[in-house]
Each structure stands twice: as structure tokens, then as C-alpha cells.
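Counting starts at 1 for both ligands and their atoms, in listed order.
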Amino acid sequence: MKSGYCDGNLLTALREARRVLVLTGAGVSAESGVPTFRDSLVGLWERYDPAELATPEAFRRDGALVWGWYEWRRMRVMKARPNPAHLAIADMADRVPSMTLVTQNVDDLHERAGSRNVVHLHGNLAAPYCERCKRPYELPPAAPDLPEGGVCIEPPRCAGCSGLVRPGVVWFGEDLPQAAWQAARDAAARADVFLSIGTSSVVQPAASLIGIAVGAGAVTIQVNPNPTPLEGLVSHTLKGPAGTVLPELLRAWGPGARG
Ligand code: BV8
Ligand code: ZN
């Protein structure tokens with residue numbers, strides 16, 4: 001079902017919402033210049049399928065290729081700034097009694113936009129750790145200075161056990177962090193409004209959250225310039241870039257229950 005920003009049912013649902021769940025994907029960071037998961041395969045990595053490179057097997061096979069890819073992506077995130085989509089999502093939290101923000105993104109742009117208690121389902125680029133003893137690895141404060149086409153970088157070694165340090169993300173084939181996944185499922189089961197923003201909704205189990213919310217009777221809204229498998233399932237689709245759609249939606253929404 002298509003909607004404009006000023007669809008009466010949609011605005012009433014937002015204005016009356018008590019518990020809102022927002023799920024974001026890489027599309028929310030796209031307008032900050034952070035390539036989406038698929039767009040990040042350029043230069044050195046362009047011949048790889050992301051689902052093949054973001055795996056423990058790839059890291060074992062060629063740690064320098066994989067560590068170099070994550071360092072290049074971390075550099076892009078550190079040079080990026082939150083965009084109006086991140087800022088609108090942070091603002092949304094002040095308009096409803098309870099909002100849970102769950103992200104599939106591994107960047108910290110939601111936090112830098114002012115969002116708090118962000119639930120990261122797929123980990124975080126800024127939190128690498130030793131694959132052997134799990135000791136967190138302290139990254140240098142400055143952004144890496146890497147060529148745009150990317151470069152292979154040997155993964156660092158753990159100071160405690162000299163094991164290999166790995167990116168702090170959830171790779172394909174790895175379980176999601178238990179607490180984060182539980183929090184996301186609880187929020188989906190209790191939400192009266194579920195906003196799915198900037199995600200292709202193909203990666204599991206994150207993509208199953210919307211089904212939990214629909215089953216619990218939530219009003220569901222997706223924001224994406226492109227079609228996704230959620231068409232026909234969600235109550236409302238707002239077609240367009242999140243950096244434009246979300247500020248417009250907040251203007252139509254008004255100050256909100258707590259505004
Ligand atoms: C697991 C971290 C067991 C790494 C990522 C069932 C069926 C089939 C397969 C599976 C299945 N269950 C499990 C699997 C296997 C697999 C999977 O889902 N495979 C896919 C390929 C089908 N899942 C796993 O292995 C997961 N682990 O299942 O363990 C288990 C089971 C149950 C419960 C617990 C455990 C682990 C998955 C996590 C993988 N790691 N990220 C890294 O980043 O390097 S996933 C990664 O890809 C991203 O985090 C993102 O979530 C996903 C997709 O990336 P993108 O395409 O870039 O982003 P997105 O999908 O969000 O799409 C971009 C969207 O933005 C597009 O729609 C575009 O139109 C839109 N857009 C663009 N510009 C804008 C915009 N939108 C708004 N505004 C804009 N301006
Ligand atoms: Zn170690």
C-alpha cells in the first residue's frame with residue numbers, strides 16, 4: 001500500500017504510538033557517503049560477493065584482504081557525518097513514550113546523531129577483538145589513511161595472547177549477539193508502530209522482525225527509494241531517500257505526544 005507523508009492513517013498511528021520500533025539498514029548511511037554493504041565492493045574487492053567476503057572462511061583464507069576491507073570501510077565511516085535521516089531518527093525518540101532503535105549497520109552514525117541505546121544486530125566496525133581470547137583491541141584514534149581502491153593490511157595481533165584480531169562485526173554464518181537479538185524480538189512483539197528504514201530486508205534473521213510486528217498487529221511503515229520484499233506486507237511504503245522522507249514525515253507528524 002503506497003502512502004504519502006500526509007496519509008491520515010499513518011500520521012494518526014504515529015501520533016498515537018506508545019512503543020515504536022525503528023529498524024535501519026545500510027540505506028540510512030548511504031547519504032552520509034558510507035557505501036552500502038554491496039556498494040562497498042570496489043577496487044581490490046570488486047570481484048567478490050559481499051556474502052562471501054564477510055565470512056570467517058574469507059578471513060581465514062586471506063586475513064589481509066578482509067582486514068583491509070574493514071579498515072577501508074572504517075576510514076569511510078570516520079570521515080562521514082550523520083545525515084538528516086540519522087538526525088530525524090534521533091529526533092523521533094523525543095516524540096514517543098518509548099522508541100527502540102535496532103540497526104543492521106556497523107557504523108556509529110546513529111550514536112553520533114544523538115541516538116542512545118542503539119541495538120547493533122551485526123556488531124560494530126569500531127570494536128575489533130582477538131579471535132582467540134576475545135580481548136577487545138584498542139584501535140588508534142586517527143582514521144586510517146588508505147588509498148581509495150583499498151589495500152591489503154595484515155590483521156594486528158592481540159597483546160595478550162598474540163592471536164589474530166578480527167573485525168567486531170557479525171559475519172554470515174555467525175550467530176547474532178544474543179542480548180541484541182532478544183531485545184530486537186521483544187521490541188518487535190510489543191511495537192504498535194514498526195518503521196523499516198533503508199534496508200533491502202533480505203538478510204536473516206533481521207528481516208524476520210517485521211513478521212513478528214505484523215503478527216502482533218503493529219502498523220508497519222517502510223522507507224526506501226527502491227522496491228523490497230516487504231511490498232504488500234507493510235501498511236505503508238514511503239518511496240524515497242530517507243534523508244528527504246524522514247524530515248518531511250516529522251514535519252507532517254508535528255511535535256508528537258511528548259513534543
Ligand atoms: C545467522 C556485518 C544463525 C558484516 C552483516 C534464511 C534464509 C536464507 C539465508 C539465511 C537464513 N538464515 C540465515 C541465513 C544466512 C545468512 C543470510 O541471511 N544470508 C542472506 C545473504 C540471505 N544470515 C546469517 O548468516 C546471519 N547469521 O543466521 O546465524 C542464526 C539464526 C537465527 C537466529 C540467530 C542466529 C548473520 C547475518 C549478518 C551478516 N552481517 N553485516 C559487514 O557489514 O561486513 S549483513 C550486511 O548485509 C548488512 O549489515 C546488512 O544488514 C545486509 C545487507 O547490506 P546492504 O544491502 O548494504 O544493506 P541493506 O540490505 O540494508 O540494503 C540497502 C538498502 O538501502 C537497499 O534496499 C536500498 O534500496 C536502500 N537505500 C539506498 N539508499 C537509500 C536507501 N534507503 C533509504 N534512503 C536512501 N538514501
Ligand atoms: Zn588474544
**Q** I need the SG(Cys158)-the Zn ion (ligand 2)-SG(Cys130) angle, rounded to 10 degrees.
**A**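 Rounding to the nearest 10 degrees gives 110°.
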**Q** Both conditions, 6.0 Å and 45 degrees, for the charged tip of Arg74 above the ring of Trp69: are they met here?
**A** no
**Q** With Arg251, which residues qualify under salt bridge (charged side-chain N to carboxylate O under 4.0 Å, His left out), at least two apart?
**A**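 Arg251 satisfies salt bridge (charged side-chain N to carboxylate O under 4.0 Å, His left out) with Glu248 only.
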**Q** Using 4.0 Å as the upper bound for N to carboxylate O, is an ion pair formed by Glu31 and Arg81?
**A** no
**Q** Rounded to the nearest 0.5 Å, what separates atom CD in Glu231 from atom CG in Asn224?
**A** 8.0 Å
**Q** Between Arg47 and Glu52, does any side-chain N to carboxylate O distance fall below 4.0 Å?
**A** no
**Q** What's the separation between atom CD in Glu174 and atom OG1 in Thr55, rounded to the nearest 0.5 Å?
**A**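 The distance works out to 8.5 Å.
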**Q** Angle at the Zn ion (ligand 2), SG of Cys133 to SG of Cys161, rounded to 10 degrees, please.
**A**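 For SG of Cys133 and SG of Cys161, the angle centred on the Zn ion (ligand 2) reads 120°.
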**Q** Measuring from atom CZ of Arg166 to atom CG of Leu164, what distance do you get when rounded to the nearest 0.5 angstrom?
**A**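 So the CZ of Arg166 and the CG of Leu164 are separated by 11.0 Å.
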**Q** How would you list, by chain and number, the residues with a heavy atom under 4.0 angstrom from ligand 1?
**A** Gly25, Ala26, Gly27, Ala30, Glu31, Thr36, Phe37, Arg38, Ala54, Tyr70, Arg73, Gln104, Val106, His122, Val169, Val170, Trp171, Phe172, Gly173, Glu174, Asp175, Leu176, Trp181, Gly198, Thr199, Ser200, Val202, Val203, Gln204, Pro205, Asn224, Pro225, Asn226, Pro241, Ala242
